[in-house]
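To find a chain, count down the sequence lines: A is the first, B the second, and so on, and within it residues start at 1. Side-chain atoms are counted along with the backbone in the values below, which use heavy atoms only and exclude waters and symmetry mates.
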Amino acid sequence: MSVNKGKVITDFDVNLLLKRGVAEILIEDEMVELLRSGKKLRLKEGFDPSSPDIHLGHMVALKKLRQFQELGHQVILIVGDWTAQIGDPSGISVTRPMLSQEQVQANAETYMKQFFKIVDKSRAEVRWQSEWYGNFTLSNVIQLTSKFTVAQMLAREDFSNRYNAGQPITITELLYPLLQAYDSVAVRADVEFGGTDQKFNLLVGRELQSTAGQNPQQVFLVPILTGTDGTMKMSKSLGNYIGVTELPNEIYGKAMSIPDSLILEYFELLTDYSEKELEVFRQEIKDETTNPMILKKRLARDIVSQLYDQTAANEAEENFAKLVQNREIPDEIPEYHISISELTTKKDGKDSINISKLLVLTKLVKSRSEASRLIAQDAVSINGENISGNIALVKSGSIIRVGKRRFAKIVNSDNLK
RNA sequence: GGAGGGGUGCCGGAGUGGUUAAUCGGAGCAGUCUGUAAAAUUGCCGCCCGGAAGGGCUACGCAGGUUCGAAUCCUGCCCCCUCCA
């Protein structure tokens, strides 16, 4: 097979590619035609390194890209080092803080590693916006902006909502879709991938490509993954996300904590379980013949093994069973070396330790005020025994537990001095 | 440039001189329950000192001022929104 060609594809491929985990394709007929043409397609997806973590929400589209790669197509990842400075206004109701060059640079570095947990590096091309925007002049900007009208921009729902609600929209934000669109021109994209909230931006790309004499790209929209809270979209800023570089135990645990209502959505968008299998799951949930927890465990295991491997997944599952389901103490507890004598006071002739100070030192809590509250709420235990006051006996080797999941093992550093 | 409206804790949003660390809702944390789900329910939800009792500090855009006392009144400044130009 020629390197310039994508694989000849079957109906099965088309169905998998264009149906599973896909929200909308514009223009679908053209997309199918492109795939059948055998042309090696240039698939673009842009990322704003506005925060340093890629999470499962991003994984939906990345998995799609991966599928296309397996059919021989070329992925072009755009590092949005310029647009990140603006902050994507899509679906956001307020202006985002602008980031510094340095910040963006640092985030972008860590992004790379994360991309290639899912995307095949050998069939991907990484392009930085600064490649073309670095030399952009004001006259380029004027030329670019002259092609679009305010009315066009206000056609976008989140802009018009904000406008109507009397919330500020900065001019740089209006620039965002244009910059993203120009990326498509710069890399001559055949298809651009994004979440459904990206629809407007991707469509602007089509228009701009047309005016530049290129074939307008196909717009490939994947669903927005719901976050672990079960209501809002997964996003870093909402804190309801599972990062792809988190540790296996964390990923597993967070996956287990999603509401039941999300199980099928996650299976569909994040795993390769076949449609048939999904149908079985759906039925089982509906008929209540299977405890949703069992299905969730399968889901959690699958996600971990995709991001790590089978072994890690099994370990995470064991860990979960022990730690969470049986409320045991984990095998490995972070140790803290502290000087017990410095924290010790005499009370009733016995040596005792100020627990709230200890909790702050071990970083188990943020402040002494918080520590006092948690103690009062029976959330703190030492070697399995709840403590009732701020004073208790702690020895070298004592295990402190705060809430369900926070642990620390105390190691006395006195005799090391 | 002119007129009007507004800036309150993570978010939304009350409060217009006095137990106000600031009603209420959401988010979050913790307890009970449990499948680390949901629902329910209880409590917490600025920081510091103190074993505790208790005490102190900081906070309602920023900076001053009036007052025994201000998120609340006054002055200046900054920012946002709407309408007019």
>> Among residues 298-309 of chain A, which ones have heavy-atom contacts with RNA chain B below 4.0 Å?
In response: none
>> When you measure from the side chain of A:Glu250 to the backbone of A:Leu247, do you find a donor-acceptor pair of N or O atoms at a distance under 3.5 Å?
In response: no
>> If I compare all heavy atoms of A:Leu144 with all of A:Leu179, which pair ends up nearest, and what's the gap?
In response: CD2-CD2, 4.1 Å
> Between A:Gln180 and A:Gln198, what is the shortest heavy-atom contact and its length?
Replying inline: NE2-OE1, 2.9 Å
>> Please confirm whether the shortest side-chain N or O distance from A:Ser369 to OP1 or OP2 of B:C48 is below 4.0 Å.
In response: yes
>> In this structure, how many angstroms lie between the C1' atom of B:U32 and the CG atom of A:Asp378, rounded?
In response: 11 Å
>> A side-chain contact here means heavy atoms from C-beta on lying under 4.5 Å apart; do A:Leu225 and A:Leu270 qualify?
In response: yes
>> With rounding to the closest Å, how many angstrom separate the C1' atoms on B:C80 and B:G25?
In response: 25 Å
> Checking all strands, does A:Lys297 fall into the base, sugar-phosphate, or nothing category for heavy-atom contacts under 4.0 angstrom?
Replying inline: nothing
> Salt bridge check: are A:Lys19 and A:Glu28 linked by an N-O gap of less than 4.0 Å?
Replying inline: yes
>> Taking the P atom in each of B:G9 and B:G76, what is the distance between them to the nearest angstrom?
In response: 25 Å
> Considering only the C1' atoms, how many Å lie between B:G17 and B:G13, rounded to the nearest integer?
Replying inline: 22 Å
> Nearest-Å distance, CG (A:Asn240) to P (B:C11)?
Replying inline: 17 Å
> Would you say the side chain of A:Leu208 lies within less than 4.5 Å of the side chain of A:Phe148, judging by non-hydrogen atoms?
Replying inline: yes
>> Distance check, C1' atoms only: B:A53 and B:G46, in whole angstrom units.
In response: 22 Å
>> Please report the distance separating the P of B:G54 from the corresponding atom of B:A22, rounded so that it comes out in whole Å.
In response: 16 Å
> Rounding to the closest angstrom, what is the interatomic distance between B:C29 and B:U19 at atom P?
Replying inline: 33 Å
> Quantified in whole Å, what is the P atom distance between nucleotide B:C47 and nucleotide B:U42?
Replying inline: 25 Å
Please list, for nucleotides 80-85 of chain B, all pairs of protein and nucleotide N/O atoms separated by less than 3.5 Å.
none

> Should A:Glu70 and A:Arg66 count as an ion pair when the cut-off is N to O under 4.0 Å?
Replying inline: yes
List, with names and distances, any nitrogen or oxygen atoms from the protein found under 3.5 Å away from nitrogen or oxygen atoms belonging to nucleotides 35-38 of chain B.
unit_1: B:G35; atom_1: N1; unit_2: A:Asp260; atom_2: OD1; d: 3.3
unit_1: B:G35; atom_1: N1; unit_2: A:Asp260; atom_2: OD2; d: 2.7
unit_1: B:G35; atom_1: N2; unit_2: A:Asp260; atom_2: OD1; d: 2.4
unit_1: B:G35; atom_1: N2; unit_2: A:Asp260; atom_2: OD2; d: 3.4
unit_1: B:G35; atom_1: N2; unit_2: A:Lys296; atom_2: NZ; d: 3.2
unit_1: B:U36; atom_1: OP1; unit_2: A:Gln325; atom_2: NE2; d: 3.1
unit_1: B:A37; atom_1: O4'; unit_2: A:Lys296; atom_2: NZ; d: 3.2
unit_1: B:A37; atom_1: O2'; unit_2: A:Ile258; atom_2: O; d: 3.2
unit_1: B:A37; atom_1: O2'; unit_2: A:Pro259; atom_2: N; d: 3.2
unit_1: B:A37; atom_1: O2'; unit_2: A:Asp260; atom_2: N; d: 3.4
unit_1: B:A37; atom_1: N3; unit_2: A:Asp260; atom_2: OD2; d: 3.0

> How many angstroms lie between CD1 in A:Ile410 and NE2 in A:His337, if you round to the nearest 0.5 Å?
Replying inline: 10.0 Å
> Between B:G50 and A:Asn390, is there an OP1 or OP2 to side-chain N/O distance shorter than 4.0 Å?
Replying inline: no
> What's the CD1-P distance between A:Ile375 and B:G51, to the nearest Å?
Replying inline: 12 Å
Quick one: side chains of residues 378-388 of chain A, donor-acceptor pairs under 3.5 Å with protein atoms, not counting sequence neighbours, listed by atom name and distance.
unit_1: A:Asn383; atom_1: OD1; unit_2: A:Ile399; atom_2: N; d: 2.8
unit_1: A:Asn386; atom_1: ND2; unit_2: A:Asp378; atom_2: O; d: 3.4

>> Taking A:Ser261's backbone N and O only, do any of them form a donor-acceptor pair with A:Glu265's side chain (distance below 3.5 Å, no angle check)?
In response: no
> Between B:G55 atom C1' and A:Arg368 atom CZ, what is the distance in whole Å?
Replying inline: 13 Å
>> B:G46, OP1 or OP2 - any side-chain N/O from A:Lys366 closer than 4.0 Å?
In response: no
> Any idea which heavy atoms bring A:Val365 and A:Arg406 closest together, and the distance?
Replying inline: CG1-NH1, 4.2 Å
>> Let's test your reading of the pairing rules: Watson-Crick or G-U wobble, both distances under 3.5 Å, then write RNA chain B as a dot-bracket string with ( ), [ ], | and dots.
In response: ((((((((.[[[..)..(.....]]].(((((.......))))).((((....))))...[[[[[..)....]]]]]))))))).
> How many Å lie between CG on A:Asn354 and P on B:G50, as a whole number?
Replying inline: 7 Å
Pairs under 3.5 angstrom, nitrogen or oxygen only, protein versus nucleotides 39-44 of chain B, please.
unit_1: B:G43; atom_1: N2; unit_2: A:Gln377; atom_2: OE1; d: 2.7
unit_1: B:G43; atom_1: N3; unit_2: A:Gln377; atom_2: OE1; d: 3.0
unit_1: B:C44; atom_1: O4'; unit_2: A:Gln377; atom_2: OE1; d: 3.2

> Any salt bridge between A:Glu207 and A:Lys147, counting N to O under 4.0 Å?
Replying inline: no
>> Tell me whether A:Lys44 forms a cation-pi arrangement with A:Phe220, defined as NZ or CZ under 6.0 Å from the six-membered ring centre and within 45 degrees of its axis.
In response: no
> Is it true that A:Asp272 and A:Lys63 make a salt bridge, defined as a side-chain N closer than 4.0 Å to a carboxylate O?
Replying inline: yes
>> Quick check against the 3.5 Å criterion: does A:Lys64 have a side-chain atom that pairs as donor or acceptor with the backbone of A:Gly194?
In response: no
>> For a 4.5 angstrom cut-off between non-hydrogen side-chain atoms, does A:Tyr176 reach A:Asn201?
In response: yes
> Would you say A:Glu315 and A:Pro248 make side-chain contact, with heavy atoms under 4.5 Å?
Replying inline: no
> If you find the nucleotide of RNA chain B closest to A:Arg406 and the one closest to A:Ser367, which residue's nucleotide is nearer the 5' end?
Replying inline: A:Arg406
> To the nearest Å, how far apart are A:Ile387 CD1 and B:G31 P?
Replying inline: 13 Å
>> Between B:C11 and B:C45, how far apart are the two C1' atoms, rounded to whole Å?
In response: 14 Å
> Are A:Lys117 and A:Thr245 close enough that a side-chain donor and a side-chain acceptor fall under 3.5 Å?
Replying inline: no
